[in-house]
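One structure is given here, and the rest of the page talks about it.
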Protein chains: 2
Amino acid sequence: MSDTDELLSIRAAELYYEENQTQDEIGVILRLTRWKVGRLLASAKANGFIRIEIVHPRARRLPIERRLRESTGLTDAIVVSSAGVSSDAELQSRTAQAAADYLTSLRPIPRTLGISWGRTLHDVSLHLKQGWAPGVNVVQINGGVSLNQRTGTAASTAVTIAHKADGSATLLPSPAIFERLETKQAMEADRTVAGVLALARNAQAYVFSAGQADANSALVDSGYLTVAQIDDLVTRGAVGDVVGRYIDQNGRIVDPELNERTVGIQLDQLRRAPLTIAVISGRSKHAIARAVVRNGLCTVLVTDEDTANALLQD
Amino acid sequence: MSDTDELLSIRAAELYYEENQTQDEIGVILRLTRWKVGRLLASAKANGFIRIEIVHPRARRLPIERRLRESTGLTDAIVVSSAGVSSDAELQSRTAQAAADYLTSLRPIPRTLGISWGRTLHDVSLHLKQGWAPGVNVVQINGGVSLNQRTGTAASTAVTIAHKADGSATLLPSPAIFERLETKQAMEADRTVAGVLALARNAQAYVFSAGQADANSALVDSGYLTVAQIDDLVTRGAVGDVVGRYIDQNGRIVDPELNERTVGIQLDQLRRAPLTIAVISGRSKHAIARAVVRNGLCTVLVTDEDTANALLQD
DNA sequence: GGCGATCTTGCTCTCTTGAGCAGCGGCCAC
DNA sequence: GTGGCCGCTGCTCAAGAGAGCAAGATCGCC
């Protein structure tokens, strides 16, 4: 397009989008036919001079969702807009909201829903509306927090989600990671625990988040791992954890021995499940999000625009 | 509007603006009539959820221009968009470009055009196209740079503008500020100088910029004033200078004695002129821009979006 | 619980916009 | 210089979107 046409297209766009003139009126002002004006506006759009943004906490980015589905093979992708977001916390809240919306709209409604725990899942539980689903049985799929003052977060997340669905919660009464393998095995042998784990393995749908591999991990907060242990895992290629299990960028368990001592369903069980919803957002989780998506650990991803774009870079 | 309607309006907006669906198609998807969809889209716009931005160096902000004209009584206002601008220099370049465009489109074409000098005016001169006007006589309206290596900037600006209009330049062969009043008066008594000043007073249009009152002033750069002198002026209320004369926020001369020693047309002559175009942009010039506009020193303002918004705050 | 006021809804009608097409003019090769 | 090709222009025609209106729903007030 010629230079003067480019300038004209900008003048036309100003009158069209900012002054709400019709293409006809613009034609009179710029001494053009209305068809020419229409073509100029189309070219302004095609050249990317017109940027349309939906500024709202609930806004999603459908084109990015589509590209993400196409390039990764996910069955569904939910991408929240990061337009006008100032803090990471706000972004995560938006993502949790979107996850809650997604759960609410799920059809058929899962009878048993396996969930992990953490800040994100807690956030999701808060965003769910009372009565979001009728009678869902929520089952915890990995061992919960129980070593310090944050006791009960894991349980309360499951209970809240179940309560709001007028359903029931099945808790996994176990630490996330045992110090000794024998203790863990003894625990798993217990009928109650074995029953919960069996229920977890047969859930119709899973919702989980993922943690980045750094000192801010919930597993460090909860006292299951030390910062030194995390550092070691990172050295060995860990990018983050999924249901308490640390993986590298190829989705492989980084420390099999540690993995053995971790209570909850196996990653392969997640991989085989037909509906696994990962809720991951924030700058620091790009790497673990990539690992989760690239290695088939989820079929549905709920995330933010920036993380989605990072995934599309590859 | 109800909460669910708000959410629906966002969903509709996503489908409409990002997925290019028709309101009819959206109606099918969201199980609404197309009229409801149309109303939701209208409400999304009305609520400011839809942000449309024209991203282009030549883009202007017509609604702000209109508000500026209405609230200040300017006969015209040109406001360039600051969308996608990273540096102050880029913004100033855009503003200078807009000023050049405005000059080019001026009708009737002024026979004599009075101009000041400075970085901004120099920038404007560079953005003018060869043949922007036929045969304009450009006359310098205030004393020029001549004390140091930047010699000639003032003259070259005038010459460039005149040359590109296939016209002539009339230079004011004088320093900006004299040290002694007597020398200045002697200079003004000279027939040549007096002639130039008379021509300047009778120009049909004026274009000038304004300087902020700080150590970066062109008058400091050129050696006419010291930083200490500027500090003193600021203490006395100066917000900046117009054609070399420092004014406070009420448009009053801050230092009458200094003003007497300054060569060029008087501010009152600007105030009386029918067409005075001020070109002012950049964060640091908000105060002086306000002083210029509020006190009738220009009839046309060319500026950037941020400065314009600052003016509209009052 | 009844009544009026107000808001919402789904419609018709009209204006606005986009798709597609024929004709014109410029440009290049020969 | 001439013929053919390509791109731009202004048109017709149909789809899309908005304004306005009347009927129905909802709400508050008594």
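The shown structure was predicted, so the numbers you read here are calculated from the model rather than taken from an experiment. Labels below follow one simple rule: chain letters A, B, ... track the order of the sequence lines, proteins then strands, and each chain is numbered from 1.
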I need the full list of salt bridge (charged side-chain N to carboxylate O under 4.0 Å, His left out) pairs touching residues 300-309 of chain A, with sequence neighbours left out, sorted by first then second residue.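 Every pair satisfying salt bridge (charged side-chain N to carboxylate O under 4.0 Å, His left out) with a residue in residues 300-309 of chain A: Arg61(A)-Glu305(A).
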Is there any salt bridge (charged side-chain N to carboxylate O under 4.0 Å, His left out) pair reaching into residues 35-45 of chain B, and which pairs are they, with sequence neighbours excluded? Asp5(B)-Lys36(B)
Test: Arg67(B) and Glu70(B) ion pair at under 4.0 Å: no
Among dG16(D), dT17(C), dT9(C), find the nucleotide with the atom closest to the side chain of Lys36(B).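 The listed nucleotide nearest to Lys36(B)'s side chain is dT9(C).
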According to side chain to side chain contact (heavy atoms under 4.5 Å, CB included), who are the partners of Ala162(B), at least two apart in sequence or on a separate chain? Val138(B), Ala169(B)
Quick one: the side chain of Arg39(A) and the base of dG18(C), do they pair up donor-acceptor inside 3.5 Å?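 By the distance-only test, no, there is no pair.
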Within a strict 4.5 Å, meaning less than it, do heavy atoms of the Leu103(B) and Val207(B) side chains meet? yes
Check whether any side-chain heavy atom of Leu301(B) lies under 4.5 Å from a side-chain heavy atom of Ile78(B), and answer yes or no. no
Integer-rounded Å distance: [N] [atom2] and [X] [atom1]:
{"X": "Asp5(B)", "N": "dT8(C)", "atom1": "CG", "atom2": "P", "answer": "8 Å"}
{"X": "Leu41(A)", "N": "dG18(C)", "atom1": "CG", "atom2": "C1'", "answer": "12 Å"}
{"X": "Tyr17(B)", "N": "dG16(D)", "atom1": "OH", "atom2": "C1'", "answer": "14 Å"}
{"X": "Gln21(B)", "N": "dA15(D)", "atom1": "CD", "atom2": "C1'", "answer": "16 Å"}
{"X": "Leu40(A)", "N": "dG10(D)", "atom1": "CG", "atom2": "C1'", "answer": "14 Å"}
{"X": "Leu8(B)", "N": "dT8(C)", "atom1": "CG", "atom2": "C1'", "answer": "14 Å"}

So, using side-chain hydrogen bond (donor to acceptor under 3.5 Å, both in side chains) as the criterion, who are the partners of Thr276(A) when residues are at least two apart? none
End-to-end bend of the helix from dG1(C)-dC30(D) to dC30(C)-dG1(D) (five-pair axes, 10° rounding)?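 End axes: 30° apart.
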In terms of heavy-atom contacts, Leu40(B) and Ser43(B) come closest through O-OG, 2.8 Å
State, to 0.1 Å, how close Ala203(B) and Leu113(B) come at their nearest heavy-atom pair, and which atoms those are.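 Minimum heavy-atom contact is CB-C, 4.3 Å.
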Reckon Gln23(A) has a side-chain N or O less than 4.0 Å from the OP1 or OP2 of dG18(C)? yes
Kindly say if Tyr16(A) contacts the phosphate of dT16(C), meaning a side-chain N or O under 4.0 Å from OP1 or OP2. no
Please give me every residue in residues 25-35 of chain B whose heavy atoms get under 4.0 Å of an atom in DNA chain C, ordered by residue number. Thr33(B), Trp35(B)
